[in-house]
Number of protein chains: 2
Amino acid sequence: MLALDNQICFALYAANRAVTARYRPLLAGLGLTYPQYLAMLVLWELDDGGAGPRVSDLGQRLRLDSGTLTPLLKRLEERKLLLRTRRGDDERVVRIALTDAGRELKARAAGIPEQLLCGLDVEPAQLVALRQQLRGLLAALEQAEPSAQ
Amino acid sequence: MLALDNQICFALYAANRAVTARYRPLLAGLGLTYPQYLAMLVLWELDDGGAGPRVSDLGQRLRLDSGTLTPLLKRLEERKLLLRTRRGDDERVVRIALTDAGRELKARAAGIPEQLLCGLDVEPAQLVALRQQLRGLLAALEQAEPSAQ
DNA sequence: TGAATATCAATTGTGCACAATTTAATTGCT
DNA sequence: AGCAATTAAATTGTGCACAATTGATATTCA
């Protein structure tokens, strides 16, 4: 029962790290880490040329808190990919706005999903099914009562 | 194409962290972190009362290198759950042997897989299918040629 | 109005992951 | 035997995750 290969947790853990490892050389070409890439995906998706989402909006989407996001976003700001500005009418809130350089990076990232699959022996249909199951698991975990201690 | 919800990678990333988060309070009762728990699973599985596996054996099983394992195992040694000893006939090799306290912890961990699922609205059959697909993905990633840069 | 409360981001501290390098020991090859 | 090449673990440095706390601002309500 406690055997490693019986654990769904280990299969998830190992597969997640293997996927990340496969992204790494591709993202290195953009100068991004994997979590930075995920943050940029959200920023590209939400970008309307306006003031941009709040740190907590990114956090909600990515399931990350400010302890992770604040330093990550500061690094992206140093690379001039985005700007962090306190909102005037509520100084508690920080807005994350893409710079032009941040928007331009999107074009260079466009090929990454395809490159990732290239040379990988898995059916696209399998991946769609897997994604669906992972979403189901995530939803179940997020609405579950806290596990009994 | 670049939308966050289209990415298999994000589904994996988020689900993995959600599972880890659900383990955390259970493992806190044993004084273990999640990676420490995975290492203990391997040690319990391989334990034959002998000198124990090498650091690199654990690394191969868990897909972790010495940079991760060395400090992790030192923490478990400080807790008296295991012993790290250089092998006499080859001083390069470190053997990881469970202590009695390390073996006793297995009994306390026995209920964890079940507790994890308790209160979680997913079919066991779904989990088995998911694990199978994750294994397939991992196998494909591990035998794939390095992705084109 | 003014004090408690709530909210948001930042900070602090611990523990992974992982690349790159280092140290030490062993093996292989003349 | 002696020296290069190899192997195993440890070390160093960067960047997440996440719990807990802090600091600053806003809101609520007696």
Side-chain angles (χ1 to χ4, degrees), chain A residues 9-10 12-25 27-28 31-40 52-60 62-79 82-96 146, chain B residues 9-10 12-25 27-28 31-40 52-60 62-79 84-96 146:
Chain A
C9 70
F10 178 68
L12 255 178
Y13 170 81
N16 180 52
R17 288 192 300 118
V19 167
T20 306
R22 192 167 173 86
Y23 270 99
R24 197 168 295 118
L27 296 178
L32 294 177
T33 66
Y34 184 70
Q36 288 168 6
Y37 170 69
L38 295 178
M40 292 301 290
R54 313 184 310 172
V55 171
S56 51
D57 294 330
L58 284 178
Q60 187 174 21
L62 296 168
R63 274 80 170 174
L64 292 172
D65 67 10
S66 66
T68 301
L69 284 174
T70 296
L72 184 153
L73 294 170
K74 281 185 178 175
R75 283 178 208 113
L76 294 176
E77 189 178 37
E78 276 172 31
R79 287 178 183 274
L82 53 82
L83 284 173
R84 297 159 61 251
T85 51
R86 294 262 167 200
R87 205 171 70 183
D89 66 329
D90 186 342
E91 288 281 340
R92 292 172 304 182
V93 173
V94 171
R95 292 234 175 250
I96 308 300
Chain B
C9 70
F10 178 68
L12 254 179
Y13 170 81
N16 180 51
R17 287 192 301 118
V19 167
T20 306
R22 192 165 172 88
Y23 270 98
R24 198 168 294 118
L27 295 178
L32 294 177
T33 66
Y34 184 70
Q36 287 168 5
Y37 170 69
L38 296 178
M40 292 302 289
R54 313 184 311 172
V55 171
S56 52
D57 294 330
L58 284 178
Q60 187 175 21
L62 296 168
R63 275 80 170 176
L64 292 171
D65 67 9
S66 66
T68 301
L69 284 175
T70 296
L72 184 153
L73 294 170
K74 281 183 177 174
R75 284 178 208 113
L76 294 176
E77 188 179 36
E78 276 172 30
R79 287 178 185 273
R84 298 159 60 251
T85 51
R86 294 263 168 199
R87 205 171 71 185
D89 66 329
D90 185 343
E91 288 281 341
R92 292 172 304 182
V93 173
V94 170
R95 293 236 176 249
I96 308 300

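Throughout, protein chains are lettered first and strands after them, A, B, ... in sequence-line order, and every chain is numbered starting at 1. Since we're looking at a predicted model, the values are computed, not measured.
- Between A/L32 atom CG and D/dT14 atom C1' the separation is 15 Å, expressed in whole Å.
- Surrounding CD of A/Q60 are at most 12 heavy atoms belonging to other residues, nucleotides or ligands under 6.0 Å away.
- Pairing each heavy atom of A/R17 with each of B/R63, the nearest pair is NH1-O, 2.8 Å.
- Within the 4.5 Å cutoff, the side chain of B/I96 has heavy atoms near those of the B/R84 side chain.
- Between C/dC16, C/dA9, C/dA17, one nucleotide has an atom nearer to the side chain of B/L64 than all others, and that is C/dA17.
- Taking the nucleotide of DNA chain C with the nearest heavy atom to each of A/P71 and A/R17, the more 5' of the two is matched to A/P71.
- Residue B/L58 contributes atom CG, which lies 16 Å from atom C1' of C/dC16 at whole-angstrom precision.
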Please tabulate, for side-chain N and O atoms in residues 32-40 of chain A, each donor-acceptor pair with protein atoms closer than 3.5 Å (sequence neighbours left out).
residue : atom : partner : partner atom : Å
A/T33   : OG1  : A/Q36   : N            : 3.3
A/Y34   : OH   : B/C9    : O            : 3.2
A/Q36   : OE1  : A/T33   : N            : 3.0

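- A/R95 places a side-chain N or O within 3.5 Å of a backbone atom of A/G52 that can act as its donor or acceptor partner.
- When each of D/dA9, C/dC16, D/dC18 is scored by its nearest atom to the side-chain atoms of B/T70, the top-ranked nucleotide is D/dA9.
- The CZ-P distance, from A/R22 to C/dC18, rounds to 16 Å in whole Å.
- Nearest nucleotide to the side chain of B/Q36, out of C/dG15, C/dC8, C/dA17: C/dG15.
- Atom CZ in B/R95 sits about 18 Å away from atom C1' in D/dA10, given to the nearest Å.
- Taking the nucleotide of DNA chain C with the nearest heavy atom to each of A/S56 and A/T20, the more 5' of the two is matched to A/S56.
- When the P atom of D/dC18 is taken as reference, atom CG of B/L27 falls 14 Å away, rounded to whole Å.
- For B/Y13, a side-chain nitrogen or oxygen approaches OP1 or OP2 of D/dA17 to under 4.0 Å.
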Quiz item: Base, backbone or nothing for each nucleotide of nucleotides 19-27 of chain C, written B, S, -, heavy atoms under 4.0 angstrom, 5' to 3'?
Solution: B-----BS-
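- Within the 3.5 Å criterion, the main-chain N or O of B/R92 finds a donor-acceptor partner in the side chain of B/R86.
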With a 3.5 Å cut-off and sequence neighbours excluded, list the donor-acceptor pairs that the side chains of residues 65-76 of chain B form with protein atoms.
residue : atom : partner : partner atom : Å
B/D65   : OD1  : B/G67   : N            : 3.1
B/D65   : OD1  : B/T68   : N            : 3.1
B/T70   : OG1  : B/S66   : O            : 3.0

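- Here OH of A/Y13 is found 9.0 Å from OG1 of B/T20. Values are rounded to the nearest 0.5 Å.
- If you measure from atom CG of B/D57 to atom P of D/dA8, you get 10 Å, rounded to the nearest angstrom.
- Listed pair A/K74 / D/dG15 fails the phosphate criterion, with no side-chain N or O lying under 4.0 Å from OP1 or OP2.
- One can place CG of A/L38 at 12 Å from C1' of D/dC16, the figure rounded to the nearest angstrom.
- In this structure, B/R86 does not reach the D/dA9 phosphate: none of its side-chain N or O atoms is under 4.0 Å from OP1 or OP2.
- If you check every strand for non-hydrogen atoms under 4.0 Å, A/R84 touches sugar and phosphate atoms only.
- For B/L72, taking side-chain heavy atoms from C-beta onward, the closest of the listed nucleotides C/dC16, C/dA17, D/dA10 is C/dC16.
- The CG-P distance, from B/N16 to C/dA17, rounds to 9 Å in whole Å.
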